[in-house]
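Here the structure is laid out as structure tokens; the discussion comes afterwards.
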Amino acid sequence: MTQAAINIQGIRKNYGQLEALKGIDLEIRQGEFFGLLGPNGAGKSTLINTIAGLVRPSAGRIEVLGHDTVANYREARRNIGVVPQEVVYDPFFSVEEVIRNQAGYFGVTDMGGWLDELLDALELQDKRHSNMRQLSGGMKRRVLIAQALAHRPPIAILDEPTAGVDVELRQSLWQFARRLNNEGMTVVL
């Protein structure tokens, strides 16, 4: 039996009196295309941020490909790429610089053909040298996806990746996510 991509055991997260996560147990297998569904305020983003190591759980344990997200944060984080719900970007860099910088955070100094593959798949090739401030909201969202995938993680976590984008972009993003999953990447939406 192969190791789980993400193994969540008894995760709880409290913010004062508010219990955002109430004892979640979940296993996502390698290669799965997994949808995390629920109404606004259900804790989806909190769970994603906990998996990513951005939020510490109040109780429980999460492993990413066997690496505990608290005890072995670096290895766990290296195995995931997270596309946040909010559009956050550095306005001082070009699209290519943003993606290369992100890869560098994970020790990837030579992206080889992967940079061009990302730019092509996300229809960003003609924006490669554009400053992030010059991009539309949909283009910025595409760059966030490229950033998350810059280090070629085996797991991609996409927190509402098509929020606020047009139908054409939404379809191309879903196509790209399916392609990555078909190539073996675990995708969590």
Side-chain angles (χ1 to χ4, degrees), residues 1-16 18-38 42-90 93 97-112 114-115 117-118 143-161 176-189:
M1 184 173 178
T2 61
Q3 180 178 56
I6 300 171
N7 188 4
I8 300 170
Q9 300 169 1
I11 284 298
R12 295 182 176 280
K13 179 60 185 174
N14 298 321
Y15 295 102
L18 175 68
E19 191 175 26
L21 301 176
K22 302 176 182 183
I24 296 173
D25 293 304
L26 179 65
E27 181 178 285
I28 301 170
R29 294 184 306 259
Q30 290 182 47
E32 262 190 310
F33 200 120
F34 187 87
L36 187 61
L37 302 173
K44 298 177 303 290
S45 292
T46 300
L47 182 61
I48 287 169
N49 289 333
T50 306
I51 294 167
L54 302 173
V55 170
R56 278 191 171 241
S58 302
R61 176 185 173 118
I62 299 176
E63 290 182 350
V64 174
L65 290 173
H67 302 286
D68 186 282
T69 58
V70 174
N72 198 352
Y73 169 76
R74 289 184 195 274
E75 283 304 312
R77 183 65 180 95
R78 191 171 283 130
N79 285 301
I80 59 175
V82 179
V83 178
Q85 186 174 357
E86 305 82 25
V87 176
V88 180
Y89 65 95
D90 193 327
F93 295 105
E97 289 168 333
V98 165
I99 297 167
R100 285 188 185 279
N101 288 343
Q102 184 69 24
Y105 294 143
F106 293 95
V108 178
T109 56
D110 181 8
M111 293 183 71
W114 182 236
L115 175 63
E117 198 173 330
L118 283 173
V143 174
L144 287 179
I145 294 168
Q147 272 186 282
L149 301 174
H151 64 292
R152 291 191 99 145
I155 302 167
I157 301 176
L158 314 173
D159 193 357
E160 297 190 36
F176 187 51
R178 274 193 295 272
R179 181 186 129 203
L180 293 171
N181 181 250
N182 289 337
E183 293 171 0
M185 182 179 284
T186 302
V187 177
V188 179
L189 294 174

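Please read all numbers here as calculations on a predicted model, not as lab measurements. Numbers here are sequence positions counted from 1.
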What is the minimum heavy-atom distance between [X] and [Y], and which atoms define it?
X    : Y    : result
P153 : A148 : CG-O, 3.6 Å
I51  : T69  : O-CG2, 3.4 Å
I99  : A146 : CD1-CB, 3.5 Å
Y73  : A52  : CE1-O, 3.7 Å
I11  : P57  : CD1-CB, 3.7 Å

What I'd like to find out is whether the side chain of [X] reaches to under 4.5 Å of the side chain of [Y], using heavy atoms alone.
X    : Y    : value
V70  : R61  : no
D159 : V82  : no
N181 : R178 : no
N79  : H67  : yes

Under-4.0 Å salt bridge between E117 and R179: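 Judged by the 4.0 Å cut-off on N to carboxylate O distance, E117 and R179 do form a salt bridge.
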
Test item: [X] side-chain N/O and [Y] main-chain N/O as donor-acceptor pair under 3.5 Å:
X   : Y   : answer
Q30 : Q3  : yes
N7  : E27 : no
N72 : D68 : no
R74 : R77 : no
K44 : L37 : no

Chi angles and distances behind the side chain to side chain contact (heavy atoms under 4.5 Å, CB included) call for V188, L158: CA-CA 6 Å; V188 179; L158 314 173; over 6 Å; no

To the closest 0.5 Å, what do you measure between [atom1] ([X]) and [atom2] ([Y])?
X    : Y    : atom1 : atom2 : result
Q102 : D90  : CD    : CG    : 11.0 Å
F34  : T186 : CZ    : OG1   : 11.5 Å
I24  : I62  : CD1   : CD1   : 8.5 Å
L26  : L47  : CG    : CG    : 7.0 Å
R12  : L21  : CZ    : CG    : 9.5 Å

With sequence neighbours excluded, residues passing ring pair (Phe, Tyr, Trp, His ring centres under 6.0 Å) with F106: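 Once residues adjacent in sequence are excluded, the partners of F106 under the ring pair (Phe, Tyr, Trp, His ring centres under 6.0 Å) criterion are H151.
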
From CA spacing to verdict: salt bridge (charged side-chain N to carboxylate O under 4.0 Å, His left out), E97, R100: CA-CA 5 Å; E97 289 168 333; R100 285 188 185 279; over 6 Å; no

Intermediate values then yes/no, side chain to side chain contact (heavy atoms under 4.5 Å, CB included), I6 and I157: CA-CA 11 Å; I6 300 171; I157 301 176; 4.3 Å; yes

Derivation of the side chain to side chain contact (heavy atoms under 4.5 Å, CB included) call for R152 and V108: CA-CA 9 Å; R152 291 191 99 145; V108 178; over 6 Å; no

Derivation and outcome, side chain to side chain contact (heavy atoms under 4.5 Å, CB included), residues W114 and L149: CA-CA 9 Å; W114 182 236; L149 301 174; 4.2 Å; yes

For R78, side-chain hydrogen bond (donor to acceptor under 3.5 Å, both in side chains) partners two or more places apart: E75

